[in-house]
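Step one of this worksheet: look at the structure below.
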Amino acid sequence: MQLGMVGLGRMGGNIVRRLLAAGHHCVAYDRDPAPGAELAKEGAQAVADLPAMVAALQAPRAIWVMLPAGAATEAALVTLAGLLSPGDVLIDGGNSMWKDSIRRGAMLREKGLHFLDIGTSGGVWGLSRGYCLMIGGEAEVVARLDPLFQALVPGKDSAPPTPGYAGDPRAEQGYVHAGPNGAGHFTKMIHNGIEYGMMQAFAEGLDILHHADSPALPAEHRLTLNLPEITEAWRRGSVVASWLLDLTAQALAQDPKLEGFSGHVSDSGEGRWTVDAAVASAVQAPVLAAALFARFASRDEDRFSGKVLSAQRKGFGGHLEAKKG
Ligand SMILES: O=C(CO)[C@H](O)[C@H](O)COP(=O)(O)O
C-alpha cells in the first residue's frame with residue numbers, strides 16, 4: 001500500500017522504515033529535509049512540501065501525521081484538509097488530546113475526509129519491536145488500512161496467548177479498534193497515565209533501596225545494596241518483571257547511580273489529561289495523580305527517584321533530561 005508520512009522524527013521516521021521493510025510505498029515529508037533525504041536512501045520517496053506529497057499519492061490517499069501534539073499537528077491537519085479529496089484518510093499518530101481528535105474528526109467529515117486517531121506506543125524501539133496501536137475512527141477505514149497496521153504491530157508471537165481470550169484477533173497482534181474518533185487517543189492517554197504510575201512505583205522503590213545506607217539510619221540497619229544486580233535479577237521470574245524494568249535495569253547497568261540525569265522530569269500532557277478524565281468521571285485515581293504531582297515536585301528537588309524516571313523516559317522515548325554541565 002501507499003502511505004504519506006508527515007514528521008520524520010524519532011517515531012515517524014521509524015514507522016516509515018518498518019513499512020518499507022514490509023514492502024509498502026512511503027512518501028515522506030519533514031520541514032527539515034535531512035531525515036527525508038536519509039529515508040530516500042532507504043527506499044522512501046521524499047518530497048519537499050505537503051502539496052507535493054498529495055500529488056505523489058494515488059486516491060484514495062492515506063497520510064499519517066506524526067508531529068508533537070497541539071499547534072504543529074493542528075496546522076498540518078488543517079493544511080492537508082485543504083489539499084485532499086473526498087474519500088482520503090488523515091491519521092494523527094501523535095499523543096494528541098482526545099477531545100481535539102473528536103473535533104478534528106467532525107471537521108474532516110464535513111469535507112468528505114476520513115480521520116483516524118491512533119495512539120502509538122513503542123517509542124524509539126518500535127522499529128525492531130513493533131508498535132502497539134490504539135485506533136479511533138470508522139470501522140471500514142480501519143479495515144481498508146489493515147495491511148499498514150499489520151506491518152507496524154508487534155504480531156501474535158510477541159506475547160504468549162492469553163488463556164480464555166475470545167475477542168477481536170487484531171488485539172492479539174497488538175492493535176485495537178477502540179471505537180469512534182477520540183477513542184484511540186483516549187485509550188493512549190490512559191495507557192500513558194498508567195505508565196506514569198508504573199514508572200513512579202519503580203522510582204520510589206529504587207529510591208528507598210538507594211538510601212538504605214543513609215547515615216540517618218541506625219548503623220546496624222544500614223544496607224549497601226547493588227541496584228544494577230537487584231534489577232537484573234528482578235527481570236527474571238519476578239512479579240514486577242516488565243519492559244519498564246528492562247529499561248531501568250539497562251540504565252542502571254550503564255550508570256549505577258544515574259549520575260547523568262538531573263532528576264528533573266518533564267511531562268507532555270497525557271498525565272494531566274488522565275487526571276482531568278478521572279475527575280470528570282468521578283473515578284478515584286490516587287496513584288496516577290500522585291505520579292503526576294511527583295513529576296512537578298521533581299523540578300524543585302534533586303532526588304534519585306527523578307533520575308530513575310528520566311532514565312526510563314530516555315529508554316522508551318529517547319527524551320533527554322541529562323544533568324547540565
Ligand atoms: O507516549 C510516550 C510513551 O508511551 C511518549 O514517550 C511520551 O512522551 C511519554 O509521556 P511524557 O512525555 O509525559 O512522559
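As the structure lists them, so they are numbered: ligands from 1, and atoms in each ligand from 1.
Among the atoms of H319, some N or O lies under 3.5 angstrom from an N or O of ligand 1. Checked against a 3.5 angstrom limit, the closest N/O atoms of Y196 and ligand 1 fall inside it. Between S266 and ligand 1, no N or O atom pair is found at a separation short of 3.5 Å. Annotation: H191 places no N or O atom under 3.5 Å from an N or O atom of ligand 1; distance criterion only.
Less than 4.0 angstrom separates some heavy atom of E195 from each of these atoms of ligand 1: 3 (C), 4 (O), 9 (C). Listed by atom number, the atoms of ligand 1 under 4.0 Å from S268 heavy atoms are 8 (O), 11 (P), 12 (O), 13 (O). Here is the list of ligand 1 atoms found below 4.0 Å of a heavy atom in N95: 1 (O), 2 (C), 5 (C), 7 (C). Residue contact check: F316 has heavy atoms under 4.0 Å from atoms 3 (C), 6 (O) of ligand 1. Applying the 4.0 Å criterion to heavy atoms of R313 picks out, from ligand 1, the atoms 11 (P), 12 (O), 14 (O).
Side chain of H114 to backbone of L116: no donor-acceptor contact under 3.5 angstrom is found.
At a threshold of 4.0 Å, the pair E74-R104 counts as salt-bridged, since one of the basic side-chain nitrogens sits closer than that to a carboxylate oxygen. We find that K323 and D255 are not joined by a salt bridge, their nearest charged nitrogen and carboxylate oxygen being 4.0 Å or further apart. At a threshold of 4.0 Å, the pair E195-K188 does not count as salt-bridged, since none of the basic side-chain nitrogens sits closer than that to a carboxylate oxygen. The existence of a salt bridge linking R17 and E42 is confirmed by a sub-4.0 Å separation between a basic side-chain nitrogen and an acidic carboxylate oxygen.
Judged by the 6.0 Å distance and 45° axis criteria, R109 is not positioned over the aromatic ring of F115.
Across all their heavy atoms, D146 and R170 have their closest contact at OD1-CD, 4.2 Å.
Scanning the protein heavy atoms around atom 1 (O) of ligand 1, the nearest turns out to be K188 NZ, 2.6 Å. When only non-hydrogen protein atoms are considered, atom 10 (O) of ligand 1 lies nearest to E270 OE1, 3.7 Å.
Only the side chain of R295 comes within contact range of ligand 1, with a heavy atom under 4.0 Å; no backbone atom does.
Using a 30° and 60° split on the angle between ring planes, W98 and F186 fall in the perpendicular class, above 60°.
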